[in-house]
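Remarks on the structure that follows.
Every heavy atom of this structure was used, including side-chain atoms; hydrogens, water molecules and symmetry mates were not.
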There are 2 protein chains.
Amino acid sequence: MSKTGLQSLPNLTVQQLEYLVAATDHSTRAAAAASLGVTPSALTQGLAELERRVGLTLFERHGRHTQLRHQATEVLNHARRVVAETRDLARWAASQRSGSAGVVRLGTIDAVAVQHRAEAIRAFHANRPEVDLHLTVAPSGSLLEGLVSGDLDLIVCVEPVTTPEGVVFTPCFAEPLHVYAPEGELRRPPHRWGPWVTFPAGSHTRAVIAAGLARAGAPFDVVAESNQPEVLREMVRLGLGWTVLPPPTGTMSGSGMVTARAEPVAHRHLVVGRREGSPPDPAADALAAVLIGTGTDR
Amino acid sequence: MSKTGLQSLPNLTVQQLEYLVAATDHSTRAAAAASLGVTPSALTQGLAELERRVGLTLFERHGRHTQLRHQATEVLNHARRVVAETRDLARWAASQRSGSAGVVRLGTIDAVAVQHRAEAIRAFHANRPEVDLHLTVAPSGSLLEGLVSGDLDLIVCVEPVTTPEGVVFTPCFAEPLHVYAPEGELRRPPHRWGPWVTFPAGSHTRAVIAAGLARAGAPFDVVAESNQPEVLREMVRLGLGWTVLPPPTGTMSGSGMVTARAEPVAHRHLVVGRREGSPPDPAADALAAVLIGTGTDR
DNA sequence: TCTGATTATTCAGTATCTCTAAATCTAGCA
DNA sequence: TGCTAGATTTAGAGATACTGAATAATCAGA
């Protein structure tokens, strides 16, 4: 089982290919070596090694200066190609490192993307045109799954009661949740609140609501469910039941629906989630900073 | 003057890129390492080195098996490209080494290309379609110049009196040179031969002719010159003078021109010339063997 | 032809790199 | 918890690549 049993590829290095390119682009090897910042000796040995690995004699000595054999033009073309591609790759990697470019897959719940952080996301997108931003809007549970599975790099979701393994949360902001009742029912005491229309079982926000209502002494029997706040609001307007929601956005306020109490019954805590121990990702870091509010994305 | 002062290219090796390709093409690293014939340890270290040189984290550990970060797809594309190109280059180099492909620049004098070795050259061309054969027909002097300057790889010329530096000759065959006279003058004794039409000064053949005539006791005053045997023959037919030439090819024999003596006055020695100490060039070697007559190009 | 200047290569020694082998770590599983 | 398999870390041997010095080769000019 010799090491070269499979007739494997010659282990050419980018450096050796650079040597070849430099040697052909300069009239003397001393000049080529100087342009690379190495001694002529290193150049000679490196080119000899390259010849050995390719298995072909590339140079022919004519008096004082060696010149390329015509056979070597194919190798030279290869060298130029690879060196150019490597230079491109290095540039790309540098921009990735600096965070000025890259891909960030962001997931948020609807309210964050549409309302609370819409402007921040828009500004980030405008300020970093080289960053390829993918936005997924979904309920918090789905976002968490996407984060741990690697489909998402960064999420903004409602803080769950139990933090799953491998995820780190950073507090973002808290949003008040108010009780809304159909017109005419709003004067009841808490123990006669309901019945409720609210988010489906498993929803993080629903868990927060359930805890808040329990604290207020209200029952929590659910007669209808939806993930969409607009749908819940409509259900209340139709008299199907009560609900607990964040304050509506400007355009929809107060159309046939009334806040039961001025004070919120609970707060849902929005958090930014990242995978624990994830390798540095400057673009995602910058977006997270913007979303949390510490970012200064000019 | 740090070594990385010029923001020089990362010295990626083909091997590292192979590691990356293998790691993504196999589900486990153990399998990838086995496919490359190295230990898993080598794979781990090699990939770590690659990450260090690119400056980006390429893998993300998810439990027991690491998976590519989406950022790494760009690097992976680069790796696949370079590995494929290197494989092509290696294949090409192998065919160059074996002599089944390559470029050979052959130079010959007219008689060799048109007459003596025409069939050998044609057969070589037919048997090795991958060999790019360039044929230059010129006087021996020009051929020699082309050989030493590197414009030609292989020549067949008349052996010069003094072998120039850096050239090695292999005997090929000898060609008789006969005296031709205008009709009616052929009975003279050698000391009354001439005047002569022959090759220009500097011609190797002319040097051979001059020596032969001197040996025969004939004067050698030249009244007209040409590099083309056909032209010299025509001059004799027109009565301008005598000449010394190889036997004419079949189609032109005996039209108003007579051999002075049945015996040739001299022989010119045709030789195959190569640059001394030239690196191995299997395709040129094979053609040289065919031209000398030792080749068995099926 | 000799000499000096310039260029390329070879050589010796050191530093770095990369591999194997063994030990260690980790996750998944009974 | 212990077990197993995959992945990584570690230590050391061998290969590789560099620098600096010595050597060889070429060209220009006396």
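Residue S41(B) is the one, among S41(B) and E49(A), whose nearest nucleotide of DNA chain D lies closer to the 5' end (criterion: closest heavy atom).
Nearest heavy atom pair, residue R275(B) against residue D153(B), reads NH2-OD1, 3.8 Å. Considering every non-hydrogen atom in both F199(B) and E225(B), the closest pair reads O-CG, 4.2 Å. For V21(A) against L76(A), the heavy-atom pair with the smallest separation is CA-CD1, 4.2 Å.
For the side-chain contact (heavy atoms from CB on, under 4.5 Å) with V14(A), the lone residue among V14(B), N11(B), V82(B) that qualifies is N11(B).
Residue contacts shown for R52(A) are absent, as no nucleic acid heavy atom lies under 4.0 Å away. The residue A30(B) sits close only to the backbone: its heavy atoms come under 4.0 Å of sugar-phosphate atoms, none of a base. When heavy atoms are screened at a 4.0 angstrom cut-off, F59(B) is found touching no nucleic acid atom at all.
Judged by distance alone, with hydrogens and angles left aside, T28(A) brings no side-chain donor or acceptor close enough to the base of dT6(C) to form a pair under 3.5 Å. Counting distance only, with no hydrogens placed and no angle test, the side-chain atoms of T44(B) and the base atoms of dT9(D) include no donor-acceptor pair under 3.5 Å. The base of dG20(D) does not come close enough to the side chain of T39(A) for any donor and acceptor atom to sit less than 3.5 Å apart. Between the side chain of Q45(B) and the base of dC19(C) there is at least one donor-acceptor pair of N/O atoms closer than 3.5 Å.
In this structure, Q16(B) atom CD and dT16(D) atom P are separated by 15 Å, rounded to whole Å. Between E51(A) atom CD and dA8(C) atom C1' there is a gap of 13 Å when expressed in whole angstrom units. In this structure, L17(A) atom CG and dA17(D) atom C1' are separated by 16 Å, rounded to whole Å. Between E60(A) atom CD and dA25(D) atom P there is a gap of 18 Å when expressed in whole angstrom units. One interatomic measurement links the two molecules: CG of N11(B) to C1' of dT16(D), which rounds to 11 Å at whole-angstrom precision. In this structure, R29(A) places its CZ atom 14 Å from C1' of dT10(C), rounding to the nearest Å. Nucleotide dT16(C) holds its C1' atom 12 Å from the CD atom of Q15(A), rounded to whole Å. If you measure from atom NE2 of H26(A) to atom P of dT7(C), you get 13 Å, rounded to the nearest angstrom.
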Would D281(B) and R274(B) count as a salt bridge (Lys or Arg N to Asp or Glu O under 4.0 Å) here? Give the steps.
CA-CA 11 Å; D281(B) 184 339; R274(B) 306 285 302 270; 5.3 Å; no
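The side chain of Y19(B) contributes an N or O atom lying less than 4.0 Å from OP1 or OP2 of dC19(C).
Considering only the side chain of A42(B), dT20(C) comes nearest among dT16(D), dT20(C), dT19(D).
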